[in-house]
Amino acid sequence: MLDRKWIQVTFSCYILDVHMGNYRSYQQLIIWEQEGRDFSIHAREGSSGMAVIAPHGGGIEPGTMELAEAIAGSAHSLYCFEGIKRAGNSDLHIASGYFDEPMGVTMVRRSRTVLAVHGCKGNQEVVYVGGLDIDLREKIRLSLIQAGFNAGLSPRAELEGKSTKNICNRCRSGKGVQLEISKGLRKNMFKDLTREGRKNRTTVFHTFVSALRDVLPRSPNRER
């Protein structure tokens, strides 16, 4: 059994320090993890020019992929990176500032703006709305408040989504929106947060999705 926090992987031309459970790139991740066994990638194109993404879907941040799929519908492009391991899906987490899976990055760069759906810790029922697209961010925040949700700006800098390196801001406009949804709120959106439990969505789930879809742009606006 490995008892070192860091594993040094040597290649002919360079050395990577891989922190198990917190990969800094997709290339590091696929050294240890296998598509189809440990993770799946889902993508489909929409016509609005906007992409809704869940880079930590499946068992990584449970509930975020299901929310992204429902929010995107048929109007918006959708990208999800889904953890499908029986245990240890948190190992698949690539931080938003480093997220570089090629299919996801390509979709984001092609889209005018992005809505990234994430999950954060905490039993309080809250959603933090961040990102550099201030206008859309405020529309989303107000729509969520009107729908009865506790929506605000994050008190923690790492959840604000303001870095230009953040995957939500790497779109054509250079500004997107990031949602950080607490575990407490996500638990109320499903029967439970297991894979089977997430198939049963509650009224809270549908109300949340409707509040988002009401304010997202739907007119085609994509450069080909």
Within the distance-only criterion (no hydrogens, no angle test), does the side chain of [X] pair as donor or acceptor with the backbone N or O of [Y] below 3.5 angstrom?
X	Y	answer
Arg112	Gly49	no
Ser182	Gln124	yes
Ser40	Glu82	no
Glu101	Gly104	yes
Thr202	Lys191	no
Arg198	Leu193	yes
Arg186	Cys120	yes
Ser77	Gly46	yes
His56	Ile94	yes
Gln178	Leu159	yes

**Prompt:** By salt bridge (Lys or Arg N to Asp or Glu O under 4.0 Å), which residues pair with Arg170, not counting sequence neighbours?
**Reply:** none
**Contacts of type salt bridge (Lys or Arg N to Asp or Glu O under 4.0 Å), residue Arg141, not counting sequence neighbours** =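 Counting only residues at least two positions away or on another chain, Arg141 forms a salt bridge (Lys or Arg N to Asp or Glu O under 4.0 Å) with Glu138.
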Distance (rounded to the nearest 0.5 Å) between [X] [atom1] and [Y] [atom2]:
X	Y	atom1	atom2	answer
Leu132	Thr113	CG	OG1	9.5 Å
Glu33	Ile84	CD	CD1	10.5 Å
Leu67	Leu212	CG	CG	8.0 Å
Met107	Met103	CE	CE	8.5 Å
Glu69	Thr64	CD	OG1	9.5 Å
Asp91	Tyr23	CG	OH	5.5 Å

Do [X] and [Y] land in one hydrophobic cluster if side-chain heavy atoms of ILVMFWY residues count as linked below 4.5 Å?
X	Y	result
Val126	Val204	no
Leu115	Tyr128	no
Ile30	Tyr79	yes
Trp32	Ile60	yes
Ile41	Ile167	yes

Check this for me: [X], atom [atom1], are more than 12 non-hydrogen atoms of other residues, nucleotides or ligands nearer than 6.0 Å?
X	atom1	value
Tyr98	OH	no
Lys187	NZ	no
Arg37	CZ	yes

Any residue meeting side-chain contact (heavy atoms from CB on, under 4.5 Å) with [X], in chain and number order, not counting sequence neighbours:
X	value
Arg109	Val105
Thr194	Asp192, Glu196
Ala68	Val52, Ala54, Leu78, Cys80, Val117

Of all heavy-atom pairs between [X] and [Y], which one has the smallest distance, and what is that distance?
X	Y	value
Val127	Leu185	CB-CD2, 4.3 Å
Val129	Arg137	CG1-CG, 3.4 Å
Phe205	Ala70	CZ-CB, 3.7 Å
Thr207	Phe149	CG2-CE1, 3.9 Å
Lys139	Val215	O-CG1, 4.0 Å
Ser48	His76	OG-ND1, 2.6 Å

**Prompt:** Can you find a pair of side-chain heavy atoms, one from Asn169 and one from Asp133, that are under 4.5 Å apart?
**Reply:** no
**Asked** Is any side-chain heavy atom of Pro55 closer than 4.5 Å to a side-chain heavy atom of His118?
**Response**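 Pro55 vs His118: side chains touch.
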**Item:** Selection residues 142-157 - residue pairs positive for side chain to side chain donor-acceptor pair (under 3.5 Å), sequence neighbours left out
**Value:** Arg156-Glu158
**Request:** Could you check whether the rings of Phe39 and Phe81 sit parallel, tilted or perpendicular, using 30° and 60° as the cut-offs?
**Result:** parallel
**Prompt:** Stepwise, does the side-chain contact (heavy atoms from CB on, under 4.5 Å) test hold for His42 with Met65?
**Reply:** CA-CA 10 Å; His42 309 270; Met65 185 175 81; 3.9 Å; yes
